[in-house]
Amino acid sequence: MEPRSAAAVGRDFPYTAKTLCYIEVAKDGTVSSHGVDANTYERARSGESRLFAVWPGSWRSDLFVIDDLDECARAHGLLHDQQRTGLADHEHSVRWSLDPSEKKPTGSYITVRVHLDCGCAINDLDAFARQMRAQRGWDIATSGGWGGSAGSGTYMRVRRKSLDS
């Protein structure tokens with residue numbers, strides 16, 4: 001039985017779901033189970049291995065072949081995807097302020113409101129956190145809540161000492 005095609009599911013395939021288990025099968029038959037990183041992507045692209053994913057359902061789990069490696073890499077932030085993230089691949093024009101709800105403004109992590117004056121939108125906190133770490137050295141918490149609106153800015157938790165003034 002051939003595994004189902006992840007590409008056939010399209011953009012709805014949950015490449016980054018926490019319940020998804022990736023399986024890499026090397027040419028020599030060696031099997032490893034782990035997440036997707038740049039090395040995994042390159043091995044699969046070069047034909048050194050094939051990448052599969054098990055997507056658990058309520059009553060059964062389905063095996064998928066990851067046959068659109070670039071889409072998988074975009075979902076994992078290995079390739080830039082402006083459509084998915086809302087973020088252009090450029091130096092962002094960023095303003096930030098302490099969120100009015102912040103109760104401990106001297107804590108290690110504080111809640112801030114971020115405004116992007118460059119016209120970008122934050123649709124993917126992980127992608128924004130990677131870009132801000134590279135561009136400004138910010139340490140943004142990606143495991144907690146975030147959100148907001150264009151008018152009020154996007155709120156997120158950031159390590160206070162990593163923020164610029």
Side-chain angles (χ1 to χ4, degrees), residues 1-92 94 108-112 114 116 118 120-149 154-159 161-163:
M1 182 172 127
E2 256 321 285
R4 294 175 58 190
S5 164
V9 176
R11 280 197 162 302
D12 293 331
F13 190 82
Y15 290 104
T16 59
K18 300 215 185 300
T19 56
L20 201 66
C21 176
Y22 283 98
I23 301 166
E24 183 179 9
V25 180
K27 276 185 170 180
D28 67 1
T30 305
V31 176
S32 56
S33 174
H34 48 73
V36 174
D37 60 15
N39 293 329
T40 306
Y41 170 69
E42 287 304 322
R43 284 190 301 271
R45 267 194 61 184
S46 70
E48 293 176 42
S49 66
R50 287 185 73 194
L51 192 59
F52 299 89
V54 177
W55 185 0
S58 296
W59 305 105
R60 70 172 201 209
S61 296
D62 290 315
L63 178 66
F64 289 83
V65 61
I66 304 301
D67 46 356
D68 187 342
L69 294 168
D70 289 343
E71 183 64 22
C72 181
R74 282 190 288 277
H76 285 279
L78 302 173
L79 296 177
H80 182 70
D81 185 355
Q82 185 170 343
Q83 183 179 3
R84 179 180 276 120
T85 65
L87 302 164
D89 193 13
H90 65 205
E91 188 81 20
H92 295 293
V94 180
S108 295
Y109 278 85
I110 58 173
T111 303
V112 297
V114 174
L116 296 178
C118 55
C120 291
I122 304 170
N123 298 337
D124 181 323
L125 185 62
D126 290 328
F128 181 68
R130 281 191 300 276
Q131 287 183 339
M132 287 296 93
R133 175 168 288 291
Q135 293 175 14
R136 296 180 174 231
W138 288 10
D139 185 6
I140 298 173
T142 58
S143 59
W146 66 286
S149 66
T154 303
Y155 66 85
M156 63 190 69
R157 304 280 293 164
V158 181
R159 185 180 300 273
K161 289 185 178 181
S162 72
L163 290 167

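Legend: salt bridge (Lys or Arg N to Asp or Glu O under 4.0 Å) pairs involving residues 126-148, not counting sequence neighbours, sorted by first then second residue: R133-D139, R136-D164, D139-R159.
Contact record, Y15 with D68: OH-O, 4.1 Å, taken as the closest heavy-atom pair. Considering all non-hydrogen atoms of both residues, R50 and V65 come closest at NH2-CG2, 3.3 Å. Across S61 and P56, no two heavy atoms sit closer than the pair OG-CA, 3.3 Å. Across every non-hydrogen atom of A53 and I66, the tightest pair is CB-CD1, 3.8 Å. The two atoms that bring W55 and D12 nearest to each other are CH2-O, 4.4 Å, heavy atoms only. Here the closest non-hydrogen pair linking H92 and C118 is ND1-SG, 3.4 Å.
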Worked verdict on W146 versus V114 for side chain to side chain contact (heavy atoms under 4.5 Å, CB included): CA-CA 11 Å; W146 66 286; V114 174; over 6 Å; no
Side chain to side chain contact (heavy atoms under 4.5 Å, CB included) between T85 and N123, worked out: CA-CA 5 Å; T85 65; N123 298 337; 5.5 Å; no
Residue pair L116, L87: steps toward the side chain to side chain contact (heavy atoms under 4.5 Å, CB included) verdict: CA-CA 10 Å; L116 296 178; L87 302 164; 4.0 Å; yes
I140/F128 under side chain to side chain contact (heavy atoms under 4.5 Å, CB included): CA gap, chis, key distance, verdict: CA-CA 9 Å; I140 298 173; F128 181 68; 3.7 Å; yes
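Separation of atoms NE2 (H34) and CG (L51) is listed at 7.5 Å; rounding is to 0.5 Å. The distance from the CZ atom of R4 to the CG atom of D67 is 11.5 Å, given to the nearest 0.5 Å. Considering NZ of K27 and OG of S46, their distance stands at 7.5 Å, rounded to 0.5 Å. Once rounded to the nearest 0.5 Å, the distance linking NE2 of H90 with SG of C120 reads 3.5 Å. Distance CG/D28 to CD/E48: 10.5 Å, rounded to 0.5 Å. One distance of note links OG1 of T16 with CZ of R84; it measures 8.0 Å at 0.5 Å rounding.
Using cut-offs of 30° and 60° on the angle between ring planes, the pair F64 and F13 is perpendicular.
Checked options R43, E42, E24; the residue passing with S49 is E24 (criterion: side chain to side chain donor-acceptor pair (under 3.5 Å)).
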